J.: 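Let me give you the structure first, and then I'll get to my questions.
Just follow the structure's listing: the first ligand is 1, and inside any ligand the first atom is 1. Remember, predicted model here, so these are calculated numbers, not experimental data.
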Amino acid sequence: MKSYPAQYRRYILFTLLSLFVFPCYLISQSNLTVGEVSTAPGEKKSGYIIVPGGDDDGPVKVPVTVINGKKEGPTLALVAGVHGYEYPPVLAMTKLSMELNPSDISGKVIIVHVANIPSFLRRTVYYNPYDWQNFNRVFPGKIDGTSSERIAWQITKEVIDKCDYLIDNHCGDGNEDLMRYLYFTETGNPELDKKTKDLAVNFNLQVIVHETGRTKDLQNSMYVSNTALLRGKPAISTEVGKLGQTDESDVNEVLRGNYNIMKHLKMIEGEPDILFESVWVEEYQIIRSEHQEGLYFPLVSRADHVQKGQLVGYLTDYFGNRLQDVISPYDGIVLYIIATPPMTEGEPMVMIGRF
Ligand SMILES: [Zn+2]
């Protein structure tokens with residue numbers, strides 16, 4: 001066998017690579033790994049993002065499903081369970097992960113089934129039971145932080161950094177009587193805002209709350225959706241469901257919204273199922289408790305129309321003495337109201353949107 005000089009061998013090797021290997025990368029979809037879950041195009045796999053334990057808490061396994069479509073397209077992250085007592089999105093994600101088939105999908109879908117596992121398993125409202133932080137205020141997280149911060153850091157790295165679009169699916173927490181609405185956060189970047197607005201309109205809930213005041217600090221982006229937005233990725237937060245319940249109609253509404261997004265992004269066949277025109281709320285107020293503790297009494301319900309000056313709830317001490325009246329600041333709509341008695345200082349009592 002004749003041997004070729006070194007420079008020819010390199011040339012032959014490069015030619016063979018060019019012919020057989022490089023084109024595969026150019027024409028095919030790419031692999032995607034999220035946590036422990038590695039997928040090739042055409043594969044659907046489930047597993048976990050492992051968050052190492054800290055001084056006072058053990059490791060956390062965040063369940064994820066990756067559907068790596070056969071055809072080219074964007075990567076969409078669908079997140080649920082950022083608050084652990086918000087169940088319809090969690091149930092919808094399980095259903096969605098079973099229904100989606102990689103051969104029908106253009107692009108990739110990352111489903112985070114339950115982001116805040118400690119809160120979910122311990123059944124806590126708002127807070128992680130290991131550090132008592134609100135998980136949707138600690139992003140982008142810290143590699144060596146508290147339990148919430150460490151989980152957030154992994155989700156930022158494994159999910160937010162790897163997606164092109166993100167939907168953060170929330171609902172009324174265990175104490176929140178909440179109507180269906182979503183947050184459209186405007187960033188001031190016209191191209192990004194246009195794409196985000198398209199997500200908001202196509203998810204299609206009754207009300208869109210137009211947010212302009214979210215922080216622009218990349219190191220302290222606080223919210224899941226804001227963390228994606230500050231990285232240039234269109235993202236919305238949605239609210240469907242209430243009071244820690246599991247109504248089938250809420251689960252189906254979460255599904256309709258997320259399917260609408262996939263249709264809008266041309267990741268699956270079909271047109272978004274738009275049932276109504278959303279009402280835009282350009283201004284809102286969250287009225288908070290000014291007292292260390294007490295019992296809260298709501299006087300209105302979710303989606304009620306209220307008038308300026310109307311008493312919508314009040315706070316008492318344990319002995320029935322009135323501590324604080326909750327008055328509507330304008331003619332508007334009740335986006336959510338706390339419907340259970342416990343109340344501590346600084347916690348929201350009602351959110352009212354102005355028409
Ligand atoms: Zn929430």
J.: For H170, what is the atom name of its N, O or S atom nearest to the Zn ion (ligand 1)?
T.: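 Per the distance ranking, H170 contributes ND1 as its closest N/O/S atom to the Zn ion (ligand 1).
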
J.: Take atom OH of Y48 as the centre, draw a 6.0 Å sphere, and report whether it contains more than 12 heavy atoms from other residues, nucleotides or ligands.
T.: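 12 or below, so no.
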
J.: Under a 3.5 Å threshold, yes or no: a donor from one side chain and an acceptor from the other, between N175 and Y126?
T.: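 Side chains of N175 and Y126: pair found under 3.5 Å.
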
J.: In H83, the N, O or S atom nearest to the Zn ion (ligand 1) is which?
T.: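 That would be atom ND1.
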
J.: Side chains of I268 and Y259: does their closest heavy-atom pair fall under 4.5 Å?
T.: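 When only atoms from C-beta onward are counted, Y259 and I268 do touch, with a gap below 4.5 Å.
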
J.: Is the distance between the Zn ion (ligand 1) and the nearest N/O/S atom of E86 smaller than 2.8 Å?
T.: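 Given the 2.8 Å cut-off, E86 counts as a ligand of the Zn ion (ligand 1).
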
J.: Mark yes when over 12 heavy atoms from residues, nucleotides or ligands other than K216 sit less than 6.0 Å from its NZ; otherwise mark no.
T.: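 More than 12 heavy atoms, drawn from other residues, nucleotides or ligands, come within 6.0 Å of this atom.
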
